[in-house]
Protein chains: 4
Amino acid sequence: MDLNTLQSRFYTLRSNKMFELFVVMVILFSALVIGAKTYNIPPNVLTVIGWLDVAITLFFLIELTVRFVGEPEKRSFFRNAWNLFDTLIVVVSLIPIEDSEMALVGRLIRIFRVLRMVSIVPELRLLLNSLIKALPQLGYVILLMFIIFYIYAAVGASFFAQINPELWGDISIAMLTLFRVMTFEDWTDVMYETMTVYPFSWLFYLTFIFLTTFAFLNMVIGIVVNVMENEHAQEEKEKALAEGQLTIEDLSNQINELKLIIEAQNKQRDEV
Amino acid sequence: MDLNTLQSRFYTLRSNKMFELFVVMVILFSALVIGAKTYNIPPNVLTVIGWLDVAITLFFLIELTVRFVGEPEKRSFFRNAWNLFDTLIVVVSLIPIEDSEMALVGRLIRIFRVLRMVSIVPELRLLLNSLIKALPQLGYVILLMFIIFYIYAAVGASFFAQINPELWGDISIAMLTLFRVMTFEDWTDVMYETMTVYPFSWLFYLTFIFLTTFAFLNMVIGIVVNVMENEHAQEEKEKALAEGQLTIEDLSNQINELKLIIEAQNKQRDEV
Amino acid sequence: MDLNTLQSRFYTLRSNKMFELFVVMVILFSALVIGAKTYNIPPNVLTVIGWLDVAITLFFLIELTVRFVGEPEKRSFFRNAWNLFDTLIVVVSLIPIEDSEMALVGRLIRIFRVLRMVSIVPELRLLLNSLIKALPQLGYVILLMFIIFYIYAAVGASFFAQINPELWGDISIAMLTLFRVMTFEDWTDVMYETMTVYPFSWLFYLTFIFLTTFAFLNMVIGIVVNVMENEHAQEEKEKALAEGQLTIEDLSNQINELKLIIEAQNKQRDEV
Amino acid sequence: MDLNTLQSRFYTLRSNKMFELFVVMVILFSALVIGAKTYNIPPNVLTVIGWLDVAITLFFLIELTVRFVGEPEKRSFFRNAWNLFDTLIVVVSLIPIEDSEMALVGRLIRIFRVLRMVSIVPELRLLLNSLIKALPQLGYVILLMFIIFYIYAAVGASFFAQINPELWGDISIAMLTLFRVMTFEDWTDVMYETMTVYPFSWLFYLTFIFLTTFAFLNMVIGIVVNVMENEHAQEEKEKALAEGQLTIEDLSNQINELKLIIEAQNKQRDEV
């Protein structure tokens, strides 16, 4: 059997709905195995799970091979970010890890295999892509928010570091504390503490909350307007595509035609 | 009196506005009885409430019988999910429960009778139906959110189980803890605890909060856009239905008519 | 000077912008006096404040009299809810209160005088009216939310009353506790407590949070869509009012006119 | 070299993209220096940072001079609020501060230099301007919210001051406590405390939460509608600008033209 036949066969296989469903089932099963491992389980079940783990790893290796061999153009395979992600996950999970330090990384890799769900189910891939696409348009709002955070963290770390170094010790800890204030998580405890030294420090917290809430609102509205516009644009497109629908242009052409007829009529008579 | 006469009489009764209002009053009264039982009440009042309970149960049985007998097509009666729900509630509340274990279930059934309010008032039924209809369209966002939760819970249960088994003991407890983090409920306490062992675990919480907030926002916007589109579609429909309103098509027809007249005119003259 | 002259003079006075501004200043001043009273102030200042209070009360009495006498139609004066509110506030603050129990009510009345700001400034009155107008349209969502609260409170009071009577003692306390859960205020403390007895009670809280969040979202979206529609309707109205703008109807009339001319032309020639 | 040549040269320099990028880099570097100072750093590094600080101050002075000299019309330079802000920051950071009290102010000024980022990057300036523009339109909602806060704070300070002076001592502390209640931050602790004295004080908190949430929602919706309208208006403008697009007016003119031709035709024949 030559390579081309293999390629076309594998291409058929990977486009098969049943094959896709089977892969999804294996991913779901691997998710269950991961979940089961977090419970206290007897050693003999743990051994079975170990074998299942190896089986899943091998299945993913075979599935990826099918995918790669089935690809008509090998180069474009790795241009797809999802394929790269799949390959990375499969390759790393093949490396035998004995070291206890690295064992954690191995566990992480096994968990990230669940993310393959997104790379397999087209609707999820579409959803994630559209989420990622919405991000850059919010770039400047995020930048502005970061500047607000940085300035307030710098002020906080300069003034409140002596009061509570665990919350305001340096600029990175201060930023974490400010994120906490932004989520309203026990923010009054943070405030009352600094108000004992600087009685007007409530101004610091209130202005911060107002600024970040306002910026956050702006971001949300930015996304909403963006989504709405896309919907609107698509609607317009569909309208334009709707066959046979008359536009004002069409009417104008009709009237012009009429004008030509009348003018021709006039000319004819004049000649008569 | 034959069955058909009974059916048509009961049909008239159940369509009667006063009957509907009376049923709503009984449901409201049963809600008050349920509420009263949660207070410390003297035993003799409790006896009265017990009798009222039986009376309400009997009334609901009669009302359901009226509804069923009044139904012209018996088969379609149980096709309606609300009728099924009503029947279930009434039948279960008829079962005499003595066992203390089951007594709780009996109490639950009595409480769920208040939900009959939704099945009686058409506006509430409509509202709930439209809420339920909006859900499946959000299916993939909910699935994506579940995948995010599952992966983070697996990571959390793998790494933080030794630090605090009550919060990260297994994957299901970890998911509950993550839901708590998502609602910003004392999430910094959870974070500070794990940061003593893994100083960079704030990354775990921050990325989780960003991802879930973003997915939640997306869900909300999805609902908004969906509702807006429905409104818009309905508006368009109403516009189309608006009697006598002229469209561009009508204008085009008028111009064509004019053209025919002029052409006929020309032809006539040519013949002359 | 007869009554009619007085009426027209007072009407002019109350329509005067300077008079309105002066009333706003007095209201602002009365707000400051109320604020000042909450601080620890020396007794002599307190005496001055007491005199100011009497002066403000008298001024409001005079202002209301001017308003009432200036009103051309006395009957319509009390049909306006704001006027009724003003009269009530002024009349009640005239009653001398010595009793310590009633002193609190007297203080409340003085505070509510600040609300007169809303009845004086037309923009605030407009804003509040539009807010109140939006409420009834949300009636059924609020009713549905109340049903959800009532059922969950009944379940909570039935099952958790023994665990913590302070939170679940009776149905009204349980509803307050559920409102707390809805605002995510230390809701995990409430949950963990009941989970020690009923390990699956997290289902109770999670379903409650999902239902109320979903209903709340629906309410918000309802308001948004409502506001948008109002804006849209107003826009359409403005468009229609825009003078000289041609509609498709106008075009149709023009074409019809043309048709009549051509037909008249034909007839004329036929007669020739 | 005369002043005019210098002006045009500096104008070229300040319009240079590379120069702008370099200024942004220096601002970023100054932000890093500020961040670094909040960590525990050895004294010799601190000395280096001190020198860097002086260097940055000097660079900003030079940059501002270039900007000012490069400005064709000196008067309009200070009409720009951003230029005023830049000048203020640079001038104040030039003042040598030895006093420990004033040292804090000096530190603040250094931190605010990061805000120059906004004055340099045009996109951020645009974003901030649009945020500031949206504020006044919300003026009356903010005023209404302030009135709600003031009245509730006055009531709270009058009734609850004896219960907990730290939360309700005077009207300004009471307003801070109410802001805390509005953010749902441990608001039940505040409520349970006053409920021991006034059992119905939950009404105070619940009505406050409903009113502020409703007003806040209204504000958000106000912003959304405002943004949408701006988008819509811009769209309409673009549509109007789209070259060659026909309107109903154009059609009407075409039909009128036709009418004139036909009428001329009629007249001509009548004359014949």
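Chain A is the first sequence line, chain B the second, and so forth, proteins listed ahead of strands; every chain is numbered from 1. These numbers come from a predicted model, not from an experiment.
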Query raised in the report: Atom CD of B:Glu123 and atom CG of C:Leu143: how far apart are they, to the nearest 0.5 Å?
Result: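 Answer rounded to 0.5 Å: 10.0 Å.
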Query raised in the report: Distance from B:Trp187 atom CH2 to C:Thr188 atom OG1, nearest 0.5 Å?
Result: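 It comes to 14.5 Å.
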**Report entry** Over 12 non-hydrogen atoms of neighbours within 6.0 angstrom of CZ in C:Phe146
**Finding:**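 No.
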**Report entry** Over 12 foreign heavy atoms within 6.0 Å of OH, B:Tyr140
**Finding:**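 No, because the 6.0 Å sphere around OH of B:Tyr140 holds 12 heavy atoms or fewer from other groups.
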Query raised in the report: Hey, does B:Leu124 have a side-chain heavy atom less than 4.5 Å from the side chain of C:Ile147?
Result: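 Yes, side chains in contact.
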Query - Residue pair C:Met191 / B:Leu176, side-chain heavy-atom distance below 4.5 Å - result: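 Side-chain contact under 4.5 Å: yes.
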Query - Interchain contact, B:Ile111 with chain C, by part (heavy-atom threshold 4.5 Å) - result: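 It is both, since atoms from each part get that close.
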Relative to chain B, which segment of [X] carries a heavy atom at a distance below 4.5 Å: side chain, backbone, both, or neither?
X: C:Ala161; value: neither
X: C:Met195; value: side chain
X: C:Trp202; value: side chain

Requested in this report: Give me the contact list for residues 178-186 of chain B versus chain C, heavy atoms only, anything under 4.5 Å, ordered by residue number.
Outcome: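 Contacts with chain C: B:Phe179, B:Arg180, B:Thr183, B:Glu185, B:Asp186.
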Query raised in the report: In residues 26-35 of chain B, which residues are in contact with chain C at a heavy-atom separation under 4.5 Å?
Result: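 From residues 26-35 of chain B, the residues near chain C are B:Ala31, B:Leu32, B:Ile34, B:Gly35.
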Requested in this report: Pick whichever of B:Asn40, B:Val118, B:Leu115 has the most heavy-atom pairs under 4.5 Å with chain C.
Outcome: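 Most heavy-atom pairs within the cutoff with chain C belong to B:Leu115.
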Query - Heavy-atom pair count under 4.5 Å with chain C, highest-scoring of B:Val121, B:Leu108, B:Leu128, B:Leu126 - result: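 The answer is B:Leu108.
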Query raised in the report: Out of C:Asp189, C:Ile148, C:Ile151, C:Val141, which one racks up the most heavy-atom pairs below 4.5 Å with chain B?
Result: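 Result: the option with the highest number of such pairs is C:Ile151.
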Query - Interface residue of largest heavy-atom contact number with chain B, from C:Ile171, C:Val155, C:Leu206, under 4.5 Å - result: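 Top option by heavy-atom pairs under 4.5 Å: C:Ile171.
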